[in-house]
Number of protein chains: 2
Amino acid sequence: MSDTKPSAVPFQTIRRLPNYLRVLRKLSDDGVKTVSSDQIAAAHGQEAIQVRKDLSYTGVVGKPRVGYEIAPLIDAIAGFLGWDNTSKAFLVGVGHLGSALLGYKGFETHGLDIVAAFDSNPARVGLEIGGKVVLEMDHLTDLAGRMHVHLAIMTVPYEAAQEVADQLVLAGIQGIWNFSSAVLSVPPSVVVQNEDLSAGLAALSAKVAGVSKR
Amino acid sequence: MSDTKPSAVPFQTIRRLPNYLRVLRKLSDDGVKTVSSDQIAAAHGQEAIQVRKDLSYTGVVGKPRVGYEIAPLIDAIAGFLGWDNTSKAFLVGVGHLGSALLGYKGFETHGLDIVAAFDSNPARVGLEIGGKVVLEMDHLTDLAGRMHVHLAIMTVPYEAAQEVADQLVLAGIQGIWNFSSAVLSVPPSVVVQNEDLSAGLAALSAKVAGVSKR
DNA sequence: TAGATTGTTAATCGATTAACAATC
DNA sequence: TAGATTGTTAATCGATTAACAATC
């Protein structure tokens with residue numbers, strides 16, 4: 001806490017930053033050099049003031065009448081999210097969803113490199129999916145240590161989730177991206193990001209029914 | 001009840017309700033009849049007061065010293081989310097993720113029935129995935145009308161997203177569950193639920209880095 | 001310069017948590 | 001009854017939006 005105090009950034013701001021990054025990269029590819037908060041907002045159906053507020057957390061300052069320089073802004077957001085360095089991750093559970101994520105190319109530009117996949121089903125071990133060979137669960141702990149992997153993507157069934165989580169914790173994993181619908185119980189030092197489809201479906205249902213607050 | 005004003009329910013409450021539902025169904029299967037807010041909370045690493053507040057929106061009342069009756073509570077939450085009736089949905093884009101969702105069995109208990117899948121790639125048309133045959137995009141509008149389908153799951157690449165969304169709107173789709181990273185532009189009458197993986201990854205990155213607010 | 005656009009400070013809004021009376 | 005647990009009302013907290021001075 002002494003040197004860099006990690007100034008608290010709103011959770012929602014962090015979730016919006018990747019969207020800005022995508023728009024900025026597109027503009028950059030098109031040869032555009034500067035952009036105003038109003039232009040970024042228009043691309044999202046958002047308000048300019050929110051964009052300015054969000055961007056302020058990255059430390060980048062814009063110029064009145066000009067806007068923001070795109071190149072430094074891209075670097076700042078990518079750096080802020082830690083996406084300028086690649087983090088290694090394991091993927092556990094090579095079912096439909098796990099296979100889909102293994103085949104997804106977009107993670108490379110998001111600082112995530114899935115270095116190995118695991119599955120408890122012997123029939124899946126040895127398969128090559130998305131260019132990665134599926135390994136036995138037994139090797140997980142050993143490999144995590146030797147390869148210095150601290151992140152894991154969990155795409156296992158509800159019933160297996162807690163058991164797998166326990167194994168990941170023992171292997172020294174510090175962050176779990178949880179695609180199962182189970183609520184995981186882990187030590188405080190391990191962070192979990194839940195990606196719960198049923199929550200998203202509930203939100204859609206409520207929006208269609210017009211029952212939600214916004 | 002027909003013109004009851006749809007009392008505004010917090011967005012976050014709606015996202016938590018499916019979790020309660022899962023726990024309650026499990027307890028019900030185990031033969032348990034009543035449950036306290038404290039017990040539900042314990043299963044989520046949450047606070048009891050939040051559970052009580054959330055449940056209050058369903059209209060179900062508990063009994064002091066006893067808790068809530070599980071059976072009526074399940075019915076109330078499922079009804080509240082509209083998951084007691086099945087809604088038909090189309091799925092557009094049968095890539096890795098689309099195939100994964102087509103194969104997912106859990107939607108049946110969530111009031112969602114994927115009745116048809118579409119893809120613009122001729123090589124995929126005619127394939128059977130998850131028990132559904134992949135159809136040509138040309139048939140979408142006609143079928144939506146004839147089958148009375150009002151929901152669509154979009155699992156198409158970023159570049160194709162807006163074009164597909166336009167087509168869905170023309171077909172009379174009223175709710176889009178958007179798994180592409182594109183921000184869609186649709187008429188106000190059409191609701192969009194974005195399921196953006198990069199937002200989730202950003203949240204995980206920030207949590208691991210310890211930079212977020214909570 | 002004049003005016004567009006930023007960044008800061010204050011006000012509003014929504015969600016969570018705390019306090020506590022009601023009651024089975 | 002006594003005490004556990006609910007539901008309501010108030011306080012706190014965080015995020016968004018508004019107002020506006022600074023400035024290029």
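Treat the numbers as computed from the prediction; the structure is a model and nothing was measured. Residue numbers begin at 1 in each chain, while the letters A, B, ... track the order of the sequences.
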Interatomic distance, [X] [atom1] vs [N] [atom2] [rounded to whole Å]:
X       : N      : atom1 : atom2 : answer
B:Lys53 : D:dT8  : NZ    : P     : 8 Å
B:Gln46 : C:dT16 : CD    : C1'   : 11 Å
B:Ile49 : D:dG7  : CD1   : P     : 10 Å
A:Arg16 : D:dG14 : CZ    : P     : 16 Å
A:Tyr57 : C:dG7  : OH    : C1'   : 12 Å
B:Ile40 : D:dT5  : CD1   : C1'   : 13 Å
B:Asp54 : C:dG14 : CG    : P     : 17 Å
A:Gln12 : C:dG14 : CD    : C1'   : 12 Å

State which residues pass side chain to side chain donor-acceptor pair (under 3.5 Å) with A:Glu47; sequence neighbours excluded, sorted by chain then number.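 None.
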
For B:Thr58, give me all partners under side chain to side chain donor-acceptor pair (under 3.5 Å), at least two apart in sequence or on another chain.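 Scan of B:Thr58 (side chain to side chain donor-acceptor pair (under 3.5 Å), adjacent residues dropped) gives none.
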
To check you understand the geometry: which heavy-atom pair defines the closest contact between B:Thr155 and B:Gly93, and what is its length?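 In this case the closest contact between B:Thr155 and B:Gly93 is OG1-O, 2.6 Å.
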
Do the two ring centres, one from A:Phe90 and one from A:Phe118, sit under 6.0 Å apart?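 Yes: the rings meet the under 6.0 Å criterion.
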
OP1 or OP2 of C:dT16 under 4.0 Å from side-chain N/O of B:Gln50: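 Answer yes for this pair, as a side-chain N or O of B:Gln50 is under 4.0 Å from OP1 or OP2.
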
Looking at B:Arg52, I'd like to know whether one of its side-chain N or O atoms comes within less than 4.0 Å of OP1 or OP2 on D:dT6.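 Yes, such a contact exists.
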
What residues in residues 64-71 of chain B put a non-hydrogen atom under 4.0 Å from any atom of DNA chain D?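 Per residue number, the list reads B:Pro64, B:Arg65, B:Gly67, B:Tyr68.
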
Would you jot down, in residue-number order, the residues of residues 22-38 of chain B having a non-hydrogen atom under 4.0 Å from DNA chain D?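 Heavy-atom contacts with DNA chain D come from B:Ser36, B:Ser37.
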
Using a 3.5 Å limit for the pairing distances, which stems of at least 3 consecutive Watson-Crick or G-U wobble pairs does DNA chain C take part in?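 Stems found: C:3-24 with D:3-24.
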
Sort and list the pairs that fulfil side-chain hydrogen bond (donor to acceptor under 3.5 Å, both in side chains) and have at least one residue in residues 24-33 of chain B, not counting sequence neighbours.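 For residues 24-33 of chain B: none.
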
5′-ward residue of the pair A:Lys63/B:Glu47 relative to DNA chain C: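 Its nucleotide being nearer the 5' end, the pick is A:Lys63.
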
If you look at every strand shown and take non-hydrogen atoms under 4.0 Å, does A:Arg15 touch a base, only sugar-phosphate, or nothing?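 Since no nucleic acid heavy atom lies under 4.0 Å of A:Arg15, the category is nothing.
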
Hey, could you give me the CG/CD distance between A:Asn178 and A:Gln193, rounded to the nearest 0.5 Å?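 It is 9.5 Å, given to the nearest 0.5 Å.
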
Could you list the residues that satisfy salt bridge (charged side-chain N to carboxylate O under 4.0 Å, His left out) with A:Arg22, not counting sequence neighbours?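 Expected list: B:Asp196.
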
Please identify each residue that fulfils salt bridge (charged side-chain N to carboxylate O under 4.0 Å, His left out) with B:Arg16, with sequence neighbours left out.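 Listed in chain order: B:Asp54.
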
Considering only residues two or more places apart or on different chains, which pairs with a residue in residues 170-202 of chain A satisfy ring-ring contact (aromatic ring centres under 6.0 Å, His included)?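 Listed once each, the pairs are A:Phe107-A:Trp177, A:Trp177-A:Phe179.
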
Salt bridge (Lys or Arg N to Asp or Glu O under 4.0 Å): which pairs involve residues 82-103 of chain B, sequence neighbours left out?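 For residues 82-103 of chain B, and leaving out neighbouring residues, there are no salt bridge (Lys or Arg N to Asp or Glu O under 4.0 Å) pairs at all.
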
Can you name the ring pair (Phe, Tyr, Trp, His ring centres under 6.0 Å) partners of B:His150, sequence neighbours left out?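 In terms of ring pair (Phe, Tyr, Trp, His ring centres under 6.0 Å), with neighbours along the sequence ignored, B:His150 is linked to no residue.
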
For B:His110, check ring pair (Phe, Tyr, Trp, His ring centres under 6.0 Å) against everything at least two apart and list the hits.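 Once residues adjacent in sequence are excluded, the partners of B:His110 under the ring pair (Phe, Tyr, Trp, His ring centres under 6.0 Å) criterion are B:Trp83.
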
